[in-house]
Amino acid sequence: MRFQLSEDQRALRDGVREVLARRFGPRELRAAADGPPALDRALWRALGDAGFFALRLPESEGGVGLGLPEAVLAFEEAGRALLPGPLIATHLAAGRVPGAATGETVVTAVDGGLVEWLTEADVVVGDGAVGDGAVADGVLGDGERGAAGPGAVAVRSVDPLTPLHRVPAAAGTVPDPVAVLLTAAEQLGGATRACELAVQHARTREQFGQPIGGFQAVKHLCAELLVRVEVARAAVYAAAVTADPADIAAARLLADEAAVRGARDCLQVYGGMGFTWEAEVHLVLKRAWVRTRRAGGDTESEELLARELLSGTGSGGLGLR
């Protein structure tokens, strides 16, 4: 099985990276982190115009008509840029919620009793209750933007760019495997950014008359960062091709490890400077921590993978488009 990107896939990846670099670069990231949480609606619509949310929607329904591998590439770039907002929920709602595919409607979802960006979203989907409404496995309804409703309780989030609310939710909800995989893709992007930051700092920061990257301990940290990123990338890309639940679970675990351990190792390379608010390394780590709680978290993936290993049989794939 080949995992080399096609020319079209490379063009898609580069195009998404270019759009995000232009619309949400380091300056915009810093401004967003320093201010109160707020979604950039213009950026959201620009993503919609670029087809970000409608990537897997059939062309007959106004979408781009691509598949899961292409969506993984797009969300990897979003993760690398630390792009805030309920990206996965809006992507999954394309074709089901009017305006989601074009970025006109911001959709968030109940996920294990937590909801990201509740007060900024136009629609909340999933099993649970927000405010006065509650339905099972469907659209909870249009909320008044800026109002969380009496059923939601604000939770202090470690990530300044991911506001959270806790809501009553149905127990035992199985996470959407596509949401699990796209979360893994975002984690892969965050791990890539941590690796890039660490290597760049190791090349430019000097101690004792030479770049710190010349010291063996720093070399080892950077090498381990790269190895974890590449192992996770192979797993995520493979899961995007097979769409097998066990492959997706394994990819999620490897991507979570690459993101969290990578950000921690990047902090070590930066030293005391990495713990300051002015450095962006802490934002990478905090986003990785928040993502580990999404779509069932590590526990759900570990349980699924353990069942597959004990049964000795594969699931044969889900046929996800």
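Residues take their numbers from the sequence shown, with the count starting at 1. None of these values were measured; they are calculated from a predicted model.
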Task: Check: L254 main-chain N/O paired with E257 side-chain donor or acceptor under 3.5 Å - done: no
Open item on the list: If you count every heavy atom of other residues, nucleotides or ligands that lies below 6.0 Å from R22 atom CZ, does the total exceed 12?
Closed with: yes
- [ ] Report yes or no: do R291 and T162 form a side-chain donor-acceptor pair below 3.5 Å?
- [x] no
Task: Q187 side chain to A184 backbone, donor-acceptor under 3.5 Å - done: no
Open item on the list: Using the salt bridge (charged side-chain N to carboxylate O under 4.0 Å, His left out) definition, which of the options R287, R80, R294, R193 pairs with E186?
Closed with: R294
Task: ring pair (Phe, Tyr, Trp, His ring centres under 6.0 Å): pairs with one or both residues in residues 187-215, sequence neighbours excluded - done: H201-Y270
Task: Residues E230, R233: salt bridge by 4.0 Å N-O rule - done: yes
- [ ] Check whether any side-chain N or O of D122 sits under 3.5 Å from a backbone N or O of T105 as a donor-acceptor pair, and report yes or no.
- [x] no
Open item on the list: I need the R228 CZ to L225 CG distance, nearest 0.5 Å.
Closed with: 5.5 Å
Task: Stepwise side chain to side chain contact (heavy atoms under 4.5 Å, CB included) test for V290 and V158 - done: CA-CA 7 Å; V290 169; V158 68; 3.7 Å; yes
Task: L43 and L83: CA distance, side-chain angles, deciding distance, side chain to side chain contact (heavy atoms under 4.5 Å, CB included) verdict - done: CA-CA 10 Å; L43 173 58; L83 186 64; 3.5 Å; yes
TODO: Just do the side chain to side chain contact (heavy atoms under 4.5 Å, CB included) check on L188 and F75 with the steps written out, would you?
DONE: CA-CA 9 Å; L188 173 59; F75 276 84; over 6 Å; no
Task: Residues D256, R252: salt bridge by 4.0 Å N-O rule - done: yes
Open item on the list: Please evaluate residues L68 and V178 with respect to the criterion side chain to side chain contact (heavy atoms under 4.5 Å, CB included), reporting the C-alpha separation (whole Å), side-chain torsions for both, the decisive distance (0.1 Å), and the verdict.
Closed with: CA-CA 8 Å; L68 200 52; V178 176; 4.0 Å; yes
Open item on the list: Nearest 0.5 Å, please: how far is CG in L39 from OG1 in T119?
Closed with: 8.5 Å
Task: Cluster check W117, L92: I/L/V/M/F/W/Y, side chain < 4.5 angstrom - done: yes
- [ ] Taking only Lys NZ, Arg NE, NH1 and NH2, and the carboxylate oxygens of Asp or Glu, determine whether D265 and R261 approach each other closer than 4.0 Å.
- [x] no
Task: Exceeds 12 heavy-atom contacts within 6.0 angstrom, atom CZ of R13 - done: yes
TODO: Would you kindly say whether Y237 and Q4 are connected by a side-chain donor-acceptor distance under 3.5 Å?
DONE: no
TODO: Return the minimal non-hydrogen interatomic distance between A239 and A251, and the atom names on each side.
DONE: CB-CB, 4.0 Å
